[in-house]
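Just so you know, these numbers come straight off a predicted model, no measurement behind them.
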2 protein chains.
Amino acid sequence: MEEAPHSDKSGDTVERILCAAAEVFAESGFPGARVDEIARRAGVNKAMLYYHVGDKKDLYEAVIRSIIVETAERLEEEIRQAGTPEDKMRIYMRRFAATLDENPLMPPIMMRELASGGTTLPRSALEGVARVISLIGGILDEGVAKGVFRPINPFLVHMMVAGAFIVYKVAAPVRERAEFIPEEVRRMPRELAGSVLGDVEEMVLRAIRK
Amino acid sequence: MEEAPHSDKSGDTVERILCAAAEVFAESGFPGARVDEIARRAGVNKAMLYYHVGDKKDLYEAVIRSIIVETAERLEEEIRQAGTPEDKMRIYMRRFAATLDENPLMPPIMMRELASGGTTLPRSALEGVARVISLIGGILDEGVAKGVFRPINPFLVHMMVAGAFIVYKVAAPVRERAEFIPEEVRRMPRELAGSVLGDVEEMVLRAIRK
DNA sequence: GGTTGGTCTAACTGTTTGGTTAGATATCTT
DNA sequence: AAGATATCTAACCAAACAGTTAGACCAACC
């Protein structure tokens, strides 16, 4: 499952393969992705995918794992450093938005993964999501204990924030392409960081504050 | 493109085909769906799909169109009857949630559609979405004019509501399957109507009220 | 300098899949 | 009842696709 790279050359090839795979899976999903296309974009012979990583499924799992696990860990670490519950909520939203901005391939992959019931989601990925939710649960509990938040389901909060962010990101191309959508909506930024994040932060905090 | 049914029998067959198609597209997405599988579930010979509806793409478009256009029209009609802006917002959320509950095939199809940049989204579907957004824009404007809402981007509000609802619906199987997710989250209802809708309504109104 | 082992390529294979066709059967029309 | 039209079936085809193979190349090491 895990290959031990025997030289720099090999490691580089593997990286190129995984990047190309992430790109193609993001664009077309697992069934839509063509192994030949991944090989073409990585600039390697198709047999190399099988030699270095494995079959189509192995490629997909490698991509998923790297994306989700990385996100969950970073989120946890940054939140640990914040002060008040409200600060922590802001950090959570800010960090989540930043991750999506920095890793634009993630939203479409996650959406498709959810759409197919997460049947191909590796265990480590599910654990990552669970950690994020219990993280928010902790923040909200602390807020309630300190009397600044009203009691609310952490999962719903995460659905609202993550749902809004992911759908916003992923809807960007559609929104920009459709001529009959109002001009001010079409010109909204692709990036979450900035006005979109600011507005969502404000709305969510108003929603949960006592 | 549009077949004129020449008998009840034909109409019935077409309906069975479209239902089966919606089911399979929802489960597997466009590239993952197998035409043979659709035919099998509809209980008709594969050639019948091509005879009555058209090729795979035509099948898909027919499914998408029926789902989205129907939703937009019903939403518009029900909102027209409500009173205050706050009532209208509640109706919009309630109606949207009800549509997703009644039509469980819609969320996965919509998500995948978005994930692939809506490239295969028929024009009529895009118009439906645009109508919903301008509908919300109208409600929010009215609320601002009456001094009950603070000015806020209608598209963002729709992203939050629709994003939360769709992601919530679609995440249900994953949430229920993962053992390490907290029990109280796993036991949350599959239906939006009820406590989930109530909580989201409350949160969204708090977020936009002056 | 030859042998070993990791890296890579071109060409191939077996299967799956979307789509077609030639013709059978039912239904309607006059 | 005869002909025409709509509905349906079984079998078929060509293209697309995931995955394989046999062997070339190249660096390191003895």
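Atom-to-atom, NZ of B:K57 to C1' of C:dT17 comes out at 18 Å; the value is rounded to the nearest Å. As rounded to whole Å, 14 Å separates atom C1' of C:dG23 from atom OH of B:Y51. Residue A:E37 contributes atom CD, which lies 11 Å from atom P of D:dA18 at whole-angstrom precision. Atoms OH (B:Y60) and P (C:dG18) sit 15 Å apart, rounded to a whole Å. Taking atom CE on B:M48 and atom P on D:dA6, their separation rounds to 13 Å, with Å as the unit. Straight-line distance from the CG atom of A:L49 to the P atom of D:dG19: 10 Å, rounded to whole Å. Between the CG atom of A:D12 and the P atom of C:dT7 there is a distance of 12 Å, given to the nearest Å. Rounded to whole Å, the distance from CD1 on B:I17 to C1' on C:dG18 is 16 Å.
At a threshold of 4.0 angstrom between heavy atoms, the contacts of B:A33 are confined to the sugar-phosphate backbone, with no base atom among them.
For the pair B:R34 and C:dT16, the criterion of a side-chain N or O lying under 4.0 Å from OP1 or OP2 is not met. Note on B:T13: a side-chain N or O is less than 4.0 Å away from OP1 or OP2 of D:dC8. For A:H52, no side-chain nitrogen or oxygen approaches OP1 or OP2 of C:dG6 to under 4.0 Å.
For A:R40 and A:E37, the salt-bridge test passes: some basic side-chain N is under 4.0 Å from an acidic carboxylate O. With salt bridges taken as basic N to acidic carboxylate O contacts below 4.0 Å, one links A:K88 and A:E142. Salt bridge status for A:R94 with A:E78: absent, with no side-chain N to carboxylate O gap under 4.0 Å. Between B:D101 and B:K169 there is a salt bridge, since at least one side-chain N of the basic residue sits less than 4.0 Å from a carboxylate O of the acidic one.
Judged by distance alone with a 3.5 Å cut-off, a donor-acceptor contact links the side chain of B:N45 to the base of D:dA10. Side-chain to base pairing of B:K46 with C:dG19: one donor and one acceptor N or O lie within less than 3.5 Å of each other.
Side-chain proximity of A:Y50 to D:dG19, D:dC8, C:dT9: nearest is D:dG19. Checking D:dT21, C:dG19, C:dG18 against the side-chain heavy atoms of B:D36 singles out C:dG18 as nearest. The B:K56 side chain lies nearest to C:dG19 when the options are C:dG19, D:dA10, D:dA6.
In this structure a side-chain-to-backbone donor-acceptor pair under 3.5 Å is present from B:R112 to B:A26.
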